[in-house]
Undergrad: 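If you scroll down you'll find the structure; I have some questions about it.
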Amino acid sequence: MLAYVFWHVPRPDAAPHDYESLHREFHAVLLRSNVNGLVRVRVHRLAAIPWLGGRAGYEDWHQLEGSAALDLLNRAAVSGMRQLPHDRIAALADEGIAGLYGVRQGRPIDPRIAYWMSKPAGMSYADFDASLAPLVADGCCLWARRMTLGPTPEFCLHAPAARSLPHPAVAIETHAVQGDAAS
């Protein structure tokens with residue numbers, strides 16, 4: 001399972017209700033298109049996005065069956081009946097950045113808190129995985145960056161509630177705005 005994750009902030013003059021409404025409209029038409037390989041879309045409102053200057057905004061998780069779905073999603077998002085809804089929400093966006101993540105341990109969940117972290121220097125990946133395994137067994141899901149596409153940390157642990165972690169992490173509380181299944 002892969003996720004194309006897109007963080008974005010609205011322009012300062014964009015009304016939050018309008019932004020969320022157009023954002024919801026875009027994802028609704030995208031999901032109705034039955035893009036091959038798009039499993040689900042989850043959108044969270046964040047009070048602060050560290051890699052976008054700490055500004056409030058949104059985090060979209062487009063969960064995909066695999067990397068082949070990336071090209072299909074990319075084409076589908078800006079073509080056909082999706083073009084106008086995409087352009088409307090894009091016109092209200094001020095800034096955005098994306099990343100590609102894959103499930104490393106566990107199963108995807110709709111998190112209440114996302115813990116963003118890096119593997120401690122000198123620690124092996126096997127030891128890092130083992131240190132987080134008890135949290136995964138307790139209902140968390142560990143995602144790992146697949147490519148360095150921006151300034152986001154290498155790992156994200158999605159948790160259903162606050163957890164004590166064995167490593168330093170930036171905890172970001174998530175507020176679900178949308179949660180739609182594509183298949």
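Just so it is clear, the values below take in all heavy atoms, side chains as well, and ignore hydrogens, waters and symmetry mates.
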Undergrad: Which value, rounded to the nearest 0.5 Å, describes the distance between I113 atom CD1 and I172 atom CD1?
TA: 10.5 Å
Undergrad: I109 and C140: which non-hydrogen atoms are nearest, and at how many Å?
TA: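 Looking at all heavy atoms of both residues, the closest pair is CD1-CA, 4.4 Å.
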Undergrad: Only pairs at least two apart or in different chains count here, so list each side chain to side chain donor-acceptor pair (under 3.5 Å) that has a residue in residues 125-140.
TA: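 As it turns out, the side chain to side chain donor-acceptor pair (under 3.5 Å) pairs with a partner in residues 125-140, which skip direct neighbours, are R104-D129, S124-D127, Y125-E154, S131-H167, D138-R163.
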Undergrad: If you measure from CG on L2 to CG on L73, what distance do you get to the nearest 0.5 Å?
TA: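 L2 CG to L73 CG: 11.5 Å, rounded to 0.5 Å.
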Undergrad: Do you know which two heavy atoms are closest between R24 and V177, and how far apart they sit?
TA: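 Minimum heavy-atom contact is NH2-CG1, 3.6 Å.
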Undergrad: Nearest 0.5 Å, what's the CG-CG distance between D71 and N36?
TA: 12.0 Å
Undergrad: What verdict does the side-chain contact (heavy atoms from CB on, under 4.5 Å) test give for D60 and H27, after you've listed the backbone C-alpha separation in whole Å, the side-chain angles of each residue and the deciding distance to 0.1 Å?
TA: CA-CA 10 Å; D60 304 354; H27 279 117; 3.3 Å; yes
Undergrad: Can you confirm whether L64 sits close enough to L70 that some side-chain heavy atom of one is under 4.5 Å from a side-chain heavy atom of the other?
TA: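 In contact.
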Undergrad: Any sub-3.5 Å donor-acceptor pair from R55's side-chain atoms to A48's backbone N or O?
TA: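 Absent.
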Undergrad: Listed by chain and number, what are the side chain to side chain contact (heavy atoms under 4.5 Å, CB included) partners of P16, not counting sequence neighbours?
TA: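 So P16 forms no side chain to side chain contact (heavy atoms under 4.5 Å, CB included) with any residue.
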Undergrad: Are M81 and S33 side-chain neighbours, meaning at least one heavy-atom pair lies under 4.5 Å?
TA: yes
Undergrad: Before we go on, tell me: are the rings of W7 and W61 under 6.0 Å apart, centre to centre?
TA: no
Undergrad: Show every ring pair (Phe, Tyr, Trp, His ring centres under 6.0 Å) that has at least one partner inside residues 64-85, sequence neighbours left out.
TA: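 Checked against ring pair (Phe, Tyr, Trp, His ring centres under 6.0 Å) - neighbours excluded - no pair reaches residues 64-85.
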Undergrad: Is the distance between the ring centroids of F128 and F155 under 6.0 Å?
TA: yes
Undergrad: Distance-only, no hydrogens or angles: does the S21 side chain make a donor-acceptor pair with backbone N or O of H17 under 3.5 Å?
TA: no
Undergrad: Would the Y19 and H8 ring centres measure less than 6.0 Å apart?
TA: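 Y19 vs H8: aromatic centres under 6.0 Å.
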Undergrad: If I take atom CG from residue L30 and atom CZ from residue R82, how far apart are they, to the nearest 0.5 angstrom?
TA: 7.0 Å
Undergrad: Inspect the contact between R45 and E20 and indicate whether a charged nitrogen and a carboxylate oxygen are less than 4.0 angstrom apart.
TA: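 Counted as a salt bridge, because a side-chain N and a carboxylate O are separated by less than 4.0 Å.
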Undergrad: What pairs meet the side chain to side chain donor-acceptor pair (under 3.5 Å) rule with one or both residues in residues 105-122, with sequence neighbours excluded?
TA: H44-D110
Undergrad: Taking the side chain as every heavy atom from C-beta outward, state whether L22 and P85 have any atom pair closer than 4.5 Å.
TA: no
Undergrad: L46, V170: one ILVMFWY side-chain cluster at the under-4.5 Å cut-off?
TA: yes
Undergrad: Minimum heavy-atom separation for F6 to A98, with atom names?
TA: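 Answer, listing the atom of F6 first, then A98: CD1-CB, 4.0 Å.
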Undergrad: Look at the side-chain heavy atoms of Ile, Leu, Val, Met, Phe, Trp and Tyr, link any pair under 4.5 Å apart, and say whether I97 and W143 land in one connected group.
TA: yes
Undergrad: Do C141 and V103 make a side-chain contact, defined as non-hydrogen atoms from C-beta onward lying under 4.5 Å apart?
TA: yes
Undergrad: Are L38 and I89 co-members of a hydrophobic cluster defined by side-chain heavy atoms under 4.5 Å apart?
TA: yes
Undergrad: For E95, is there an ion pair with R11 - N to carboxylate O distance below 4.0 angstrom?
TA: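 Salt bridge flag = no for E95 with R11.
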Undergrad: What residues form a side chain to side chain contact (heavy atoms under 4.5 Å, CB included) with L84, not counting sequence neighbours?
TA: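 Result, side chain to side chain contact (heavy atoms under 4.5 Å, CB included) vs L84: R88.
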Undergrad: Search all heavy atoms of L135 against all heavy atoms of S164 and return the closest pair with its distance.
TA: CD2-O, 4.0 Å
Undergrad: Following the transitive rule for hydrophobic clusters with a side-chain heavy-atom cut-off under 4.5 Å over Ile, Leu, Val, Met, Phe, Trp and Tyr, establish whether M1 and V136 coincide in one cluster.
TA: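 Cluster IDs for M1 and V136 differ.
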Undergrad: Taking side chain as C-beta onward, heavy atoms only, is I49 less than 4.5 Å from V9?
TA: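 Yes. Closest side-chain heavy atoms under 4.5 Å.
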Undergrad: What residues, two or more places apart in sequence or in another chain, satisfy side chain to side chain contact (heavy atoms under 4.5 Å, CB included) together with A90?
TA: H86
Undergrad: Does a side-chain heavy-atom distance below 4.5 Å link H23 with V43?
TA: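 In short, these two side chains touch, coming nearer than 4.5 Å.
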Undergrad: Kindly indicate whether the side chain of R145, heavy atoms from C-beta on, has any atom under 4.5 Å from the side chain of L100.
TA: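 R145 vs L100: side chains apart.
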Undergrad: For F26 and A77, work out which heavy atoms get closest and say how close.
TA: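 That would be CE1-O, 3.4 Å.
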Undergrad: Quick check: closest heavy atoms across C156 and A114, and the distance to 0.1 Å?
TA: SG-CB, 3.9 Å
Undergrad: Could you tell me if the side chain of V78 sits less than 4.5 Å from the side chain of D87, heavy atoms only?
TA: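 No. Closest side-chain heavy atoms not under 4.5 Å.
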Undergrad: Could you give me the CA-CA distance, side-chain angles and deciding distance for Q63 and Y4, then say whether side chain to side chain donor-acceptor pair (under 3.5 Å) is met?
TA: CA-CA 7 Å; Q63 292 179 10; Y4 167 72; over 6 Å; no
